[in-house]
Trainee: 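Here's a structure for you.
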Amino acid sequence: MYTLYTISLGCSKNLVDTERMLARLLRRPVDPVDDPAAADIIFINTCGFILDAKDESISTIVEHSQFKQDGRCQVLIVAGCLVTLYEQQLRQELPEVDIFIDTKESSMESIGDQLSRRLVNFTPQDHLEALPGERLLTTPSYMAYLKIAEGCSNTCTYCVIPRIRGPYQSVPQEKLVSEARELAASGVRELVLISQDSTEYGLDLYGKRSLAPLLAELAKIENLHWIRVLYTYPNHFDDELIETIAREPKICKYVDIPFQHMSNSVLKRMNRHIRVEQMENLVQRLRQRIPGIAIRTTMLTGFPGETEADFQALLEGVERVEFDHLGAFAYSDEELAASHKLPGKVNPDTARERAEALMELQHSISLRRNEQRVDQTFEVLVEGISQETELLLQGRASFQAPEVDGHILINDGTAHPGDFVMVRIEQALPYDLVGGMVDS
């Protein structure tokens, strides 16, 4: 039996790829371990989206290559976006790496066969049961991501995803529903739909955007309790989708819409094909049709040509809309992105300062939004002991997505991870809420 240590960097979409490759590896004589020094095989799935992610990926590879000398590692595998972008350069500069796997499906499927050529008796074990969706879940047992599409056909000037992942390719609805049923049967209660642009789903397969029909089918799966959608593109958010979210009780009243900026001139240079007025109209429609809906967004500061007036427009727009959750990121000047050639580069320190100022504003907005939830009772998915103190439990309400939003800190009552309980909110913090369990 060989031992395997795994690292998955980057986004949740990358994590699903990792889970699928792990499933292929675990059809063979492999035992996962938590210590890289004890691993015969070290597998690193990289991210290459922005400069910081590239640096993290490279440093992680270099750090773990040492276990080929200091540990028992026989094979070091590097996969993912960084390989797709820079495979030849990586092969030259990182001779310690034994196997490179890019983001093509055929490449990921070959991972077991490539290892078989390097390890003795590394053959498939056909007696093992198939895993749900042919994935080894690395998330908690009660939640899973469902990747509904690969690639992207939008042409945002700051983004290299189309170059890494290719054009948008939807997964057929019947395949997604089948995978979701398997996940629900295995104990998954919260299903989180992801892709680079979830609202584009189905256009390439069915001739029309079909996220709403997909959600309606998933909502029929008995054991699923929450269905959440991330990465929705504002241009493609139609009335049918809004009505489906409003109508289906299993669909979380939560939307993640990366607006990226609140200045029309910046949006035009980003090639976002939408105006601020249209985005604010969408928010208004969502809040009118779905009272209490939580809206998350992301904003990019320091984009080429962003003036002080543009940044003030961004601050004023965020103050005006009052998003429930917001992430701010300083622009990363990627050499392979179209924006790299744009004039008017903003000093990186200025871009970071603007991101910090935007998050300071959002801090006060988030607190105001949370204060409105005090004395209300919400259904909460319990995650376990709090990260802050073992004296509290930690969970999430439907208006909090995993990993990116705050938590509900539970100061009274007992429950197990994966349980749904009712919690009355007693205290509001900028990103977290505190309360105790009450009877349903």
Side-chain angles (χ1 to χ4, degrees), residues 1-124 135-139 160-161 163-165 332-336 403:
M1 182 70 74
Y2 293 96
T3 52
L4 169 69
Y5 180 75
T6 303
I7 301 172
S8 187
L9 303 173
C11 65
S12 55
K13 298 179 286 292
N14 220 33
L15 182 64
V16 173
D17 290 344
T18 297
E19 293 175 344
R20 288 177 175 156
M21 285 185 274
L22 286 177
R24 294 181 174 102
L25 290 178
L26 293 187
R27 301 292 298 172
R28 298 163 187 265
V30 171
D31 184 22
V33 293
D34 296 326
D35 181 4
D40 299 307
I41 307 162
I42 294 178
F43 171 76
I44 303 170
N45 198 7
T46 62
C47 177
F49 185 54
I50 60 175
L51 181 59
D52 286 348
K54 294 175 186 177
D55 289 343
E56 181 186 20
S57 294
I58 293 295
S59 63
T60 300
I61 296 168
V62 171
E63 176 187 350
H64 288 81
S65 68
Q66 298 301 312
F67 291 104
K68 295 193 73 174
Q69 287 83 38
D70 304 335
R72 54 186 281 183
C73 179
Q74 300 180 51
V75 181
L76 176 60
I77 307 171
V78 173
C81 298
L82 198 70
V83 177
T84 300
L85 289 173
Y86 303 108
E87 181 172 353
Q88 293 306 315
Q89 184 176 346
L90 292 173
R91 286 184 180 277
Q92 294 174 4
E93 297 183 4
L94 296 170
E96 308 91 336
V97 179
D98 300 289
I99 297 174
F100 288 95
I101 304 288
D102 62 27
T103 55
K104 297 186 183 71
E105 183 68 22
S106 58
S107 300
M108 290 189 279
E109 288 177 353
S110 73
I111 188 169
D113 291 337
Q114 291 202 52
L115 269 170
S116 293
R117 292 193 286 269
R118 295 176 177 272
L119 299 174
V120 177
N121 296 325
F122 195 74
T123 55
R135 294 161 57 188
L136 176 70
L137 292 186
T138 57
T139 52
V160 296
I161 292 299
R163 181 163 185 162
I164 297 173
R165 297 280 180 167
S332 177
D333 194 31
E334 299 304 307
E335 60 183 0
L336 299 178
E403 300 182 13

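All values reported here derive from a predicted model rather than from experimental measurement.
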Trainee: Considering all heavy atoms of both residues, which atom of Leu336 and which atom of Tyr86 are nearest to each other, and what is their separation?
Mentor: CD1-OH, 3.8 Å
Trainee: Hey, does the side chain of Glu96 reach the backbone of Val62 with a donor-acceptor pair shorter than 3.5 angstrom?
Mentor: no
Trainee: Between Ala79 and Met21, which heavy-atom pair has the shortest distance, and what is it?
Mentor: CB-CE, 4.1 Å
Trainee: Donor-acceptor check, side chain of Thr46 to backbone of Leu82, threshold 3.5 angstrom: yes or no?
Mentor: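 Checked: pair present.
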Trainee: Stepwise, does the side chain to side chain contact (heavy atoms under 4.5 Å, CB included) test hold for Glu19 with Thr139?
Mentor: CA-CA 9 Å; Glu19 293 175 344; Thr139 52; 4.1 Å; yes
Trainee: Might you point out which heavy atoms bring Gly48 and Lys54 nearest each other, and give the distance in Å?
Mentor: O-CE, 3.4 Å
Trainee: Could you tell me whether a side-chain N or O of Lys68 sits under 3.5 Å from a main-chain N or O of Leu76, the two making a donor and an acceptor?
Mentor: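 Checked: no pair found.
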Trainee: Can you tell me how far SG of Cys81 sits from CD1 of Ile161, rounded to the nearest 0.5 angstrom?
Mentor: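 So the gap between those two atoms works out to 5.5 Å.
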Trainee: Examine distances only and state if a side-chain atom of Thr84 and a backbone atom of Thr103 form a donor-acceptor pair shorter than 3.5 Å.
Mentor: yes
Trainee: Could you go through Glu63 and Gln66, starting from their C-alpha distance and side-chain angles, then the distance that decides it, and tell me whether this counts as side chain to side chain contact (heavy atoms under 4.5 Å, CB included)?
Mentor: CA-CA 6 Å; Glu63 176 187 350; Gln66 298 301 312; 6.0 Å; no
Trainee: Given side chain to side chain contact (heavy atoms under 4.5 Å, CB included), test Ile111 with Ile99 step by step and report yes or no.
Mentor: CA-CA 8 Å; Ile111 188 169; Ile99 297 174; 5.6 Å; no
Trainee: How many angstroms lie between atom CD of Glu334 and atom CG of Leu85, to the nearest 0.5 angstrom?
Mentor: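 If we round to the nearest 0.5 Å, Glu334:CD and Leu85:CG are 9.0 Å apart.
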Trainee: Ignoring hydrogens and geometry, is there a side-chain-to-backbone donor-acceptor pair from Ser332 to Leu51 under 3.5 Å?
Mentor: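 Flag set: sc Ser332 to bb Leu51 pair under 3.5 Å.
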Trainee: Between Gln74 and Tyr2, which heavy-atom pair has the shortest distance, and what is it?
Mentor: NE2-CE2, 3.9 Å
Trainee: Under 3.5 Å, side chain of Asn45 to main-chain N/O of Asn14, donor-acceptor pair present?
Mentor: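 Side chain of Asn45 to backbone of Asn14, a donor-acceptor pair under 3.5 Å: yes, one is there.
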Trainee: Assess the residue pair Leu115 and Ile77 against the criterion (side chain to side chain contact (heavy atoms under 4.5 Å, CB included)); give the C-alpha distance rounded to whole Å, side-chain angles, the decisive distance to 0.1 Å, and a yes or no.
Mentor: CA-CA 9 Å; Leu115 269 170; Ile77 307 171; 3.7 Å; yes
Trainee: Do you know which two heavy atoms are closest between His64 and Pro36, and how far apart they sit?
Mentor: CD2-CB, 3.9 Å
Trainee: Do Thr3 and Asp40 have a side chain donor and acceptor closer than 3.5 Å?
Mentor: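 Note: Thr3 and Asp40 side chains meet the donor-acceptor criterion.
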Trainee: Does atom CG of Asp55 have more than 12 heavy-atom neighbours, drawn from other residues, nucleotides or ligands, at distances under 6.0 Å?
Mentor: yes
